[in-house]
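Just so you know, ligand 1 is whichever comes first in the structure, and atom 1 is the first atom listed for that ligand.
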Amino acid sequence: MSLSFAVQPNPNPATPERVAEIHANPGFGKYFTDHMAVATWTKGQGWHDDVIVPYGPLQMDPASAVFHYAQEIFEGLKAYRHADGSVWLFRPERNAARLNQSAHRLCLPELPVEDFLTSVTELVRVDERWVPSADGGEQSLYIRPFMMAHENFLGVRAAETVLYCVILSPVGTYFAEGVRPIDIWITHDYSRAGIGGTGAAKCGGNYASSLIAQYEGYENGCSQVLFVQPCVDRVDELGGMNVFVVSRDGALITPATEGTILHGVTRDSILQVGRAMGLDVQERRLPPEELEEGITSGRFVEAFCCGTAAVISPIASFKSKHGAYSLPPGSGSITMKLRDAITDIQFGRAEDTFGWMHRIV
Ligand code: COI
């Protein structure tokens, strides 16, 4: 039977003044709405106890397996308010499908696509007033579904009780500096994911293991870190985003996923929009040596990173312990064209010729 996520309303919701104050300067992932969706899965019984409840701490036993073995996955998508006040989701079925791919890899139960969509839709409807008005800007309501082992047991095996939860956070741009070009640190000392590992799954462990290199990047003045896949000699992905380069002759290149790179929804959307714009779209191995040679020779004229949170952020330069190389200053016209094409669809400023948007309010 399908889940319905009945609502238990929050008796103490945030005041309209507080919501307006948060909308005036949301930052990224700092504030949360009045409600959250939860559901439990038990081996032999399936999903049950699906409900929308007041947002608040989860009660977890210290022996809960997720604290010890990191059996956890998550998703990220956004709700956008259009100028007429309506609220829309962008390709939510892709997140539902990816959650299940991640679930498979982490030995967690699948959540039927329909139940994922109900959890997200019903929660956003309940907290609709938290969806910022875009006003020509970039604000939206970030949706974070996640699933974790919730069984109190210290043996190493797949948990037989699992918790699914969805929380919401009004957000502006991911990077504090806004949509300005950022510098990227290429780490040669740490890798994000190996062949046969969890690189294609959206699991917390991938992000935890990226942090040490991320801090190496900060120490070198960079905003994000780019990992290299040593076994196949190609750049992989950033700590939390996919990477693209644009060549002088109109090629749009991104590393092929090959089992170690996350199948980004924004990545896929860029590939589709790029094809529709007539760009020569290439998903292939991009060795770090080619990245350097392409930029220093002037063959690669733009680079950007992308993800649901960051949308598309132009890259100014790449640095590593072997040196630094910069994209030509002032370049980025294709990057911004792709960015505008996608955000215009998301915010209802352009016709959705791809059929990506789902109206929920
Ligand atoms: C997203 O883009 O939604 C992510 O999950 C990545 C994270 C850096 C926020």
Side-chain angles (χ1 to χ4, degrees), residues 26-32 70 72-80 89-103 105-106 116 119-120 123-124 131 138-148 164-179 182 184-185 187 192-193 198-215 217-218 222-227 236-244 254 257 260-271 304-315 338-339 342-343 346 356:
F28 184 87
K30 295 198 293 191
Y31 304 103
F32 301 94
E72 184 270 353
I73 56 174
F74 68 97
E75 272 303 319
L77 65 162
K78 285 175 172 169
Y80 304 87
L89 300 177
F90 180 73
R91 309 188 72 188
E93 69 291 344
R94 292 281 299 197
N95 297 91
R98 191 173 61 183
L99 182 83
N100 284 335
Q101 285 154 14
S102 303
R105 179 64 182 83
L106 273 286
F116 175 93
S119 68
V120 166
L123 184 61
V124 175
V131 184
E138 290 266 322
Q139 296 196 1
S140 58
L141 188 69
Y142 187 77
I143 305 168
R144 172 53 62 88
F146 56 106
M147 191 193 289
M148 67 184 123
Y164 169 71
C165 187
V166 189
I167 56 174
L168 306 174
S169 175
V171 296
T173 55
Y174 181 73
F175 293 109
E177 56 266 55
V179 196
I182 56 171
I184 301 294
W185 177 251
T187 179
R192 175 185 170 274
T198 56
K202 203 159 174 66
C203 60
N206 289 345
Y207 295 76
S209 74
S210 77
L211 292 176
I212 190 164
Q214 178 68 49
Y215 279 87
Y218 292 151
C222 296
S223 312
Q224 272 283 308
V225 61
L226 176 62
F227 291 91
D236 212 341
E237 68 171 279
L238 302 162
M241 293 152 215
N242 297 116
V243 68
F244 278 80
T254 194
T257 51
T260 62
I261 294 182
L262 190 77
H263 291 252
V265 178
T266 310
R267 175 186 180 280
D268 179 76
S269 308
I270 290 166
L271 293 173
F304 61 87
C305 53
C306 66
T308 296
V311 194
I312 293 179
S313 274
I315 293 174
L338 288 163
R339 186 177 212 286
I342 288 177
T343 53
Q346 291 171 332
W356 284 338

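Distance alone, capped at 3.5 Å, is enough to place a donor-acceptor pair between the Glu72 side chain and the Gly204 backbone.
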Between ligand 1 and the protein, which N/O pairs are shorter than 3.5 Å?
{"residue": "ligand 1", "atom": "2 (O)", "partner": "Thr308", "partner atom": "N", "Å": "3.2"}
{"residue": "ligand 1", "atom": "2 (O)", "partner": "Ala309", "partner atom": "N", "Å": "2.8"}
{"residue": "ligand 1", "atom": "3 (O)", "partner": "Tyr142", "partner atom": "OH", "Å": "2.5"}
{"residue": "ligand 1", "atom": "5 (O)", "partner": "Tyr142", "partner atom": "OH", "Å": "3.3"}
{"residue": "ligand 1", "atom": "5 (O)", "partner": "Arg144", "partner atom": "NH2", "Å": "3.4"}
{"residue": "ligand 1", "atom": "5 (O)", "partner": "Lys202", "partner atom": "NZ", "Å": "2.8"}

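Side-chain contact between Val171 and Ser140 is present, with heavy atoms from C-beta onward closer than 4.5 Å.
When the side-chain contact (heavy atoms from CB on, under 4.5 Å) test is applied to Ser210, the partners found at least two apart in sequence or on another chain are Phe227. Residues meeting the side-chain contact (heavy atoms from CB on, under 4.5 Å) test with Phe32, sequence neighbours left out: Tyr55, Ile167, Ser169. In this structure, the side-chain contact (heavy atoms from CB on, under 4.5 Å) partners of Thr308, at least two apart in sequence or on a different chain, are Lys78, Tyr142, Thr266.
Below 30°, between 30° and 60°, or above 60°: for Tyr174 and Phe28 the angle between ring planes is above 60°, a perpendicular geometry.
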